[in-house]
Amino acid sequence: MITLYHCDAARSFRPLWMLEEMGLPYELKMLPFPPRVFAKEYLALNPLGTIPFMVDGETKMTESSGICHYLGIKHGPTPLMVGPEDPAYGAFVNWMYFSDATLTFPQTLVLRYTQLEPEERRNPQVAGDYAKWFLGRLRAVEAATANTAEALCAGRFTAADIVIGYALRLADTIGLAKDFGPNVAAYWARLQQRDGFKRAVAAEQQAGVEQNVAPRVRA
């Protein structure tokens, strides 16, 4: 049984969504955010204290996009993956890395300096600068979803759409969705209509209630 440690709306939503799209059995363990502060016992499992943390037998992983890639290969085959024989393979791999290194990273600084730091340490200028950085990098997604393209690559929905889709969910959570371009806005709206996305959101909410973990407070 796959076990996924998750916080409400955190990067661990990527593998949660992937699990739901693949229809794999799993156990979802909800933690308060940030777990290294509010669930110190978690450090015995994951010394980093970060989310996600996935356990699949002897395999333990902490990188959200990497977990999605692992699930698709280890528990495939699945049309969510793009193989090296496909002309879209390079684009697929690029989106998988782009999702966290380029899109999620600047958003974590926006979140930190608008919500997570104590009031006296918050910094609107830093938050504003990194919001602009994120929106500038989002131009790649705006271009890729032009002409009502249904997916980023390979002519179908793949894990690349899951990992990029989470970056858009985070942006929506922290108030940046209002600045999406028209293509990204339409793409994000389509992603939210997927049954797998809806099931992942429902699983997140249900597990939070059952395990008595309150949703993250948002500004």
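Using a cutoff of 4.0 Å between basic side-chain nitrogens and carboxylate oxygens, Arg122 and Glu120 are not scored as salt-bridged.
For Glu85, the salt bridge (charged side-chain N to carboxylate O under 4.0 Å, His left out) criterion is met by no residue, not counting sequence neighbours. Remark: Asp172 engages Ala177, Trp188 in a side chain to side chain contact (heavy atoms under 4.5 Å, CB included) (not counting sequence neighbours). Glu41 pairs by the side chain to side chain contact (heavy atoms under 4.5 Å, CB included) definition with Ala39, not counting sequence neighbours. For the side chain to side chain contact (heavy atoms under 4.5 Å, CB included) test, residues two or more places apart in sequence or in another chain that qualify with Gln206 are Glu210. Taking the side chain to side chain contact (heavy atoms under 4.5 Å, CB included) definition, one finds that Pro79 meets it with Arg156, sequence neighbours left out.
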Begin from the C-alpha positions of Val163 and Trp17 and carry the test side-chain contact (heavy atoms from CB on, under 4.5 Å) through to its verdict. CA-CA 9 Å; Val163 296; Trp17 187 358; over 6 Å; no
Test log, rule salt bridge (charged side-chain N to carboxylate O under 4.0 Å, His left out), inputs Glu20 and Lys198: CA-CA 9 Å; Glu20 287 291 348; Lys198 293 178 180 178; over 6 Å; no
Evaluation steps, side-chain contact (heavy atoms from CB on, under 4.5 Å), between Asp195 and Glu21: CA-CA 8 Å; Asp195 289 342; Glu21 290 283 353; over 6 Å; no
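Note: Phe13 and Phe197 have perpendicular aromatic rings, judged against thresholds of 30 and 60 degrees for the angle between ring planes.
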Donor-acceptor list for residues 95-108 side chains, cut-off 3.5 Å, not counting sequence neighbours:
{"unit_1": "Ser99", "atom_1": "OG", "unit_2": "Ser65", "atom_2": "OG", "d": "2.8"}
{"unit_1": "Ser99", "atom_1": "OG", "unit_2": "Met96", "atom_2": "O", "d": "2.7"}
{"unit_1": "Asp100", "atom_1": "OD1", "unit_2": "Arg11", "atom_2": "NE", "d": "3.3"}
{"unit_1": "Asp100", "atom_1": "OD1", "unit_2": "Arg14", "atom_2": "NH1", "d": "2.9"}
{"unit_1": "Asp100", "atom_1": "OD1", "unit_2": "Thr104", "atom_2": "OG1", "d": "3.1"}
{"unit_1": "Thr104", "atom_1": "OG1", "unit_2": "Arg14", "atom_2": "NH2", "d": "2.7"}
{"unit_1": "Thr104", "atom_1": "OG1", "unit_2": "Ser99", "atom_2": "O", "d": "2.9"}
{"unit_1": "Gln107", "atom_1": "OE1", "unit_2": "Ala171", "atom_2": "N", "d": "2.8"}
{"unit_1": "Gln107", "atom_1": "NE2", "unit_2": "Leu103", "atom_2": "O", "d": "3.2"}
{"unit_1": "Gln107", "atom_1": "NE2", "unit_2": "Ala167", "atom_2": "O", "d": "3.1"}
{"unit_1": "Thr108", "atom_1": "OG1", "unit_2": "Phe105", "atom_2": "O", "d": "2.5"}

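Both Leu116 and Val110 sit in one connected hydrophobic cluster of ILVMFWY residues. Membership requires side-chain heavy atoms under 4.5 Å apart, directly or through other members.
Scanning both residues, Ala207 and Met30, for their nearest heavy atoms gives CB-CG, 3.5 Å.
Identified under the side chain to side chain donor-acceptor pair (under 3.5 Å) test for residues 123-143, with sequence neighbours left out: Glu142-Asn183. Each ring pair (Phe, Tyr, Trp, His ring centres under 6.0 Å) pair with one or both residues in residues 61-90, not counting sequence neighbours, would appear here, but there are none. Residue pairs meeting the ring pair (Phe, Tyr, Trp, His ring centres under 6.0 Å) criterion with at least one member in residues 107-126, sequence neighbours excluded, do not occur.
With a 4.5 Å cut-off between side-chain heavy atoms of Ile, Leu, Val, Met, Phe, Trp and Tyr, the cluster of Leu43 takes in none. As a member of the Ile/Leu/Val/Met/Phe/Trp/Tyr network built from side-chain separations under 4.5 Å, Leu31 groups with Tyr5, Tyr42, Leu45, Ile51, Phe53, Val55. The hydrophobic cluster of Val209 has no other members, since no ILVMFWY side-chain heavy atom comes under 4.5 Å of it.
Rounding to the nearest 0.5 Å places OG of Ser12 at 11.0 Å from CG of Leu19.
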